[in-house]
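Here's the structure we're looking at; comments come further down.
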Amino acid sequence: MVTECQHRPGRRVQIYCYPFCFANAPFIRTEMSAMNRKLIQTLAETISKQVKHFNKTEAECLIRLFNGLLGEQTVAGRAVHGLDRGKFRNILHNTFGMTDDMIMDRVFRAFDKDNDSFISVKEWIEGLSIFLRGTLDEKIKYCFHVYDLNSDGNISREEMFHMLKNSLIRQPTEEDPDEGVKDLVEITLKMMDHDHDGRLSYADFEKAVREENLLLEAFGTCLPDAKSILIFEQHAFQDPLDQ
Amino acid sequence: MGASLTRAAQWTTASSATGKLEITPLNESLLKEILRFVEQFSSRHPQEAKHVFKEPLQWSTTLVASDFKTDYDINGPTVQSQEKDSEGHPLLQLSPPTISVHSFSQLSKLVQLADDKKLKEVRACLEENRDPVVKILGPSFATVLDGEDTSVLRLVDKVKQGDQATDSEVQVKLFLLLQHLDNQLLSNSLKQISQEVRLNPAVVKTEVELLKRFCSEGEKRVLKSVRYTSDYEFGNGCHTPPWRQVHGEICYLVIEPCDTETLYITCSTAGVFLNGGIKQEGEENAYERTSDMHKDLVTLLRNRSPHFAENINKQDFAVQEELPSTQKIQHVESVDAEEQGQPQRSYEHQEKNVHERARQQHTPNKPGGKKKLEPSPRWKNLGLMSPYDKAEEKKASKGSGKEKSGEVQKKMLRSDSKKKAEFSVSSLPGRQSSQKTKTPAGVVPVEDFSESSSESEEDEEQPERRPESNTDLPSEYWQIQKLVKYLKGGNQTATVIALCAMRDFNLVQETCQLAIRDVGGLEVLINLLDTEEIKCKIGSLKILRKISHNSQIRRAIADLGGLQTMVKILDSPVKDLKALAAETIANVAKFRRARRTVRQYGGIKRLVELLDCVPDSATLTAEQERDVEVARCGALALWSCSKSTRNKEAIRKAGGIPLLGRLLKSPHENMLIPVVGTLQECASERSYRIAIQTEGMIEDLVKNLSSDNDELQMHCASAIFKCAEDKRTRDLVRQYEGLQPLVSLLSKADNKQLLAATTGAIWKCSISMENVAKFQEYKALETLVGLLTEQPEEVLVNVVGALGECAQIPANRATIRKCGGIQPLVNLLTGTNQALLVNVTKAVGACATEIDNMTIIDRLDGVRLLWSLLKNPNADVQASAAWAICPCIENAKDAGEMVRSFVGGLELIVNLLKSTNKEVLASVCAAIAKIAKDKENLAVITDHGVVPMLAKLTNTTDDRLRRHLAEAVARCCMWGSNRVSFGEAGAVAPLVRYLKSKDSSVHQATAQALLQLSKDPNNCITMHENGVVKLLIGMMGSTDEILQEAAAGCVANIRRLALANDKARYG
């Protein structure tokens, strides 16, 4: 967190405000002074050492991107600590094709590790590291975190129900429209609840996913698909000099 | 002939409006039973047989007047019996096509007359007289049969009253006899039906409820306690946690019998058994079975607790008295089956019925909470009661006013059910099919279930989907149906969950496979392949991959266009997806149409592309490993596809051979098996054989012969088998030291496929004499001889083939003899497999070149067997047999005598000269040449017209035939005027032309033939005219002494004739 604090004051100066459409992100031009560029490079270097899946250049690109996004949301001179919920959800929706509000919310929380309702540059890069290039282990942890709505270390029946409640087409003929969802929850428990305590602990979840990778996103899409990863990386990691 | 029987028949015909009896095994056995009853009736019950029916039984008969004999007045087409009733009406009347019969005595006679048509007659009679008892005994008996035996009582009363006493008595007897028949028939039917019972939650539940009632009252107490481990009941009626329900387990019980220790019991769909002691829900490691499987709880308890076994019977009747009439309503069908004559039942039947009955009878809010077991009136009525029970039953049924109202209700219910004529409302799917087919009890449960069960919803959703087979629908069926519903109506998340859940089923099991198909799951799974959702596609393919092991599913997938989609997926960038698609294609493409589809949609090329990977580098990255897996699946698919010739071609054209060659270097068996499998499959094509040789694959194939995987070894051996037709390949196998591993594979005689491939490879390799020398060194022959008995034909063909090749070397012939190989070889001559016969005759022929062997063959009458093979329709067998005969005749003692002893043998072989097959002709000529050495035999074959036949063949251009033909001609000249005959038949001029052939062996034989022919002056003239002298003079310069001598002799004959001619002319 120290690094962030050091650089935060300069940010507003560095970034110009552009109308943002994420698909066009690479075209954002950040006309920065040599000084600012230097700052970014230093930050990128520090972060890339901490985050597994990005090298320095990539980290730099992501910082620039972040700054671009941040600049956009600067409103009425308020100090901004990072991406806010709405902004982030826009990205998830537009770039990664996510649709489920609740899941997007949970993804935001998963990114926002310090729970301050903003995603700092470090959280951004750390989050994307798993999001884009995470190993299976990392993804299991991440997904479990996303699905554990009340963060009590277990995914309960109620949480599953909550997440799955819109997953079936409601048949108007059915007496109890939730019956299917309830059944789906039971089916899921049958598959994944290895210790039979009626809820999914992390160990349950991990074991189930290792046995069947398809269950990684059992309760809703919270990771981008291969195609959108490709597109995002293409745009984000273009050589900054080309921009 | 009783009403209940008619009903039994009706049940099977409920669907058909015409009221015909369906031809089912059950019906047939019913009919036979009735027939036996009728046939024996008049002899067993003469008095009753004379009883005149109230109404005649009438039906359309196939019998005609001429079928009737004495005792009948025949008047044109109509027939009347001489036996009349009291009023003088004949008891049998035939006015075609209708026949009416008034008594059993006439019926008995009739069926005897009908002879082989009797079954038909009985059937027609029953079809047209739905309620024969009413006709026989009068309408008042309709109710009797439908309901209680109160009417019998009425009758008995009548008898007591004394009016028409005898008549009524007869009636009662008759009635009882008919009922007895009914009961027998019903219990027979029941036996069949009751075998089809399977447990389901409702059955278990009611049984448990019943058992719970045993736990109370002191004296009658049978069990101390019965309880579930968990009282929570799932929607489907199970008490087990869902992950155990997957295993078919319904509930766990803890039962304390009075006399033994506490029993921990698992009830599953397959049966009831003791578990490891599950006391509470959620205990692990106690699920496994620790006892035998029993049909139901009662059986298990009877086995475990003598006290229970002793007391359960008493419980049976104890309740009987309290049986309310409403209970009886549910068991209409069987009521009329009371009073029957099987006093002591086998308990098996009872047990099967226990839960059946329990299921039907249990109504949760039974007033007063009766604590005792209620026996099923049905089974009681079916004659499964003990005499004591029966007494009770009678008491119970006597004169109860309530029961009459019950009767009426019953009738209503039945007529209802008949109208519906379908059982789809039933709530217990597990019992459906059996009810549907034949059970006489089948109608009963319908009424009960439609009211009670919670599962009826599911059932109603798709009643028509139920398969017609007799198997019960397992719980999996409904669970899968539910999952398919979620697949159809769920988003990606729900779909993935449903797919994973479906995958957790035992998809190897056919019931699950067919369930997926039957509930429309295949369509959904295949549709999913067309979506963009990779996870859904992967999930779907994972299921398809498993279930496509079933041939019906394979066809269904192909019919639904699944192959096309899967071929498209092969282009996907996602490797997992490609691999899965290829693997599924491998499973589906097991039949021709599917293989063609794969080819037509460009699948072969794509599959070949999958093979492109680096299989053998020491360290593979994760990505490379995936490539290898993809390649493996590709190879699997190609293997399946390569069973079609055009696909073999397509694989080659797509550049598959070098890629397969590269994968052949892989160290992994699971890769090598499909690769070698494909190669050996394709090796049937010449182009592949050449490629396998030139691309250096023989080395790898030989190397893998020493693998420790039988399947791989088998495919390698098989590939060598197919390729070793080529000499170069045979040499390569030897050079890479493949012969020894082949020989050592012979020791794995248990694996017949492997053995067939190995012996095949040995056979083909032994065509090269260098290889035979190696085989001698490795003592292969000894082993091969040992394989001559008790092997499947495909092994025998190869073993014998190899022996035949090896026996070309004299030392080996002795070896075969010393190992006792001659006898089994000769025995094999009696076989029918043509490929085998060709090889056996060849081997026997090769062995016969040794005098010692020949002695044995002769002793075993081998020559006769060979000779009889000349009659085989297959030309190859004929030829091979004829070839084998040659050395036999040459080496046998008294060969001439032996040949003559074969009756018709000589004629047979001469007639083979009419064959169109060159090989047959050549071989037969060779044989004739040998036969003709014996003068007497030569005389016989001359009589059979061998000379003109041979002469006719002389125009051939086939050198092999020419040689043997010339030999035969030479030999045949030795008798009588045959020389002249050959000349007259025009055989000389063509023979002269043989001398121009390039084959020196033809020259020798021809020269000898000409030498013989030249002893006739006219032939000399013909020869001379055809320019023989110049040709012969050339031959005289040959290094072959026999040829020299024959040529010179011939020229001398010609010259002598010329000299004689000159002398005659010029004096």
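Proteins come first, then strands; the chains are lettered A, B, ... in the order of their sequence lines, and each starts at number 1.
Counting non-hydrogen atoms of other residues, nucleotides and ligands closer than 6.0 Å to CZ of B:R626 gives a total of 12 or fewer. A 6.0 Å sphere centred on NZ of A:K56 holds more than 12 heavy atoms belonging to other residues, nucleotides or ligands. Atom NE2 of A:H93 has 12 or fewer heavy atoms from other residues, nucleotides or ligands within 6.0 Å.
One distance of note links CZ of B:R503 with CE of A:M191; it measures 10.0 Å at 0.5 Å rounding. Taken from NZ in A:K190 to SG in B:C500, the straight-line distance is 13.0 Å, to the nearest 0.5 Å.
Taking non-hydrogen atoms and a 4.5 Å limit, the residue list of residues 529-539 of chain B in contact with chain A, ordered by number, reads B:E532, B:K535, B:I538, B:G539.
Side-chain contact between A:E217 and B:Q492 is absent, with no heavy-atom pair separated by less than 4.5 Å.
The shortest heavy-atom contact between B:A494 and A:L184 is CB-CD2, 3.6 Å.
A:F144 meets the ring pair (Phe, Tyr, Trp, His ring centres under 6.0 Å) test with A:Y202, A:F205; sequence neighbours excluded.
Each of A:I187, A:V185, A:L214 was evaluated against B:I497; a single residue qualifies, A:I187, per the side-chain contact (heavy atoms from CB on, under 4.5 Å) test.
For the options A:D183, A:N166, A:T188, A:L215, heavy-atom pairs under 4.5 Å to chain B are most numerous at A:D183.
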